[in-house]
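Structure record follows, encoded as structure tokens.
Residues take their numbers from the sequence shown, with the count starting at 1.
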Amino acid sequence: MKDKTKSLLTSENIIFVILLLLGLLLPTFTNAYRLSQYSYYYSMTILALSITLVWGYAGIFSFGQAAFMGLGAYIYGILSIAAGRDGFNIFALLIAVVIMMALGAALAYFMFYGGVNDVFVGLITMCFGIALQTFMGQTAGEEWQVFGVRLGGYNGLTGIPKISLFGFKLGDVAFYFFTFIVLISVYAAIRYTKKTNAGYSLTAIRENRSRSELFGFNVPKIQVIVFAISTGLAALAGVLYSVWGSYIAPDNLSMTQSTIPVVIVASGGRKNPTATVLFAILYYILSGKLAASGSSLNYIILGAILIVVLLFIPEGLFSTLFSKIDKYILRRA
């Protein structure tokens, strides 16, 4: 019992509890605008967690998560606007996630059963994102409609409705708690997976695919499943983002939007979901403050911070910090 208690008192767990308490108490000491900004931060953190799952756990480098995020948002927007009923929106969210999981599974099937791996997966997903952004930017005409909803070209899809639960439309505070609960649920599921047989199989594949096949793992099948789940999580992040901003545009599918979460995950610690959550939230808070200051150097400052972290702490800032703190405490004990 004593050993079990010690195993729970890790720096990672303590940080998670602090983040959980801060997230729950945040509405009591901030205004509605700031609360809305945190809803955006949480949705982008879910996108980062999808990369932690597919890249950090399974070793599959996907460079198209922003494209999956944007396409999921488009699907939600089209379905919810076409339905015209607030009560349908939660089902539109679920449908968008399922459709994107199916699309991700189809793409992964051709890649992994075709023997495509490593850097070529990154190239294929990157090309998918570029092609999708280019296509969506050319859909400005009247002929580009789905269920009577115009796609809007580079202006994007606007007027995306809020999510409703039990007949109530989620306002700023309610939507904040909704995104926070979704984020914690995704985080808990990903972290729990790490200690299961599925998590061990992902780790084995990440470290050595050939050896995993020799031990009897169906590597392509596992890769297809985890890629599809990560695609669904990216779509979920996209839906929450589009509900927050009431729009989605081809710019949200761009290379920049795909690059930032990848760098965030690498900087925080790609194998550690707690490190991803902590670094992502801090990054978007800092980014928001720099943008609000009106400084033209905000991207240069952020880029310099990320470059320094990647150069000098290749395992990730918070992942390395958690490990060093726990080792220090263990030695002192």
Are more than 12 heavy atoms, taken from residues, nucleotides or ligands other than [X], located less than 6.0 Å from that residue's [atom1] atom?
X	atom1	result
Tyr154	OH	yes
Gln145	CD	yes
Asn31	CG	yes

Can you tell me how far apart [atom1] ([X]) and [atom2] ([Y]) are? Round to the nearest 0.5 Å.
X	Y	atom1	atom2	value
Ile95	Ile78	CD1	CD1	12.5 Å
Met44	Leu183	CE	CG	12.5 Å
Ile163	Ser242	CD1	OG	7.5 Å
Leu19	Ile184	CG	CD1	7.5 Å
Asn117	Phe61	CG	CZ	14.0 Å
Trp55	Ile60	CH2	CD1	13.0 Å

Whether Phe16 and Tyr187 hold their rings parallel, tilted or perpendicular, with breakpoints at 30° and 60°: parallel
When the side chains of residues 167-178 are checked against the rest of the protein, which donor-acceptor pairs come out under 3.5 Å, sequence neighbours left out?
unit_1	atom_1	unit_2	atom_2	d
Tyr176	OH	Gly23	O	2.6
Tyr176	OH	Tyr42	OH	3.0

Side-chain heavy atoms of Leu79 within contact of Phe147, under 4.5 Å: yes
Leu94-Leu240 co-clustered via ILVMFWY side chain contacts under 4.5 Å: yes
Hphob cluster co-occupancy, Phe318 + Ile307, side-chain heavy atoms under 4.5 angstrom: yes
Measure centre to centre between the rings of [X] and [Y], then say whether the value is under 6.0 Å.
X	Y	result
Tyr41	Trp244	no
Phe128	Phe68	yes
Tyr113	Tyr109	yes

Option among Thr276, Asn272, Thr274 that satisfies the side chain to side chain donor-acceptor pair (under 3.5 Å) test with Thr52: Thr276
Evaluation steps, salt bridge (charged side-chain N to carboxylate O under 4.0 Å, His left out), between Arg191 and Glu12: CA-CA 11 Å; Arg191 192 168 173 192; Glu12 182 180 358; 3.6 Å; yes
Give every donor-acceptor pair under 3.5 Å between a side-chain atom in residues 224-238 and any protein atom, sequence neighbours left out.
unit_1	atom_1	unit_2	atom_2	d
Ser230	OG	Phe227	O	2.8
Thr231	OG1	Phe227	O	2.8

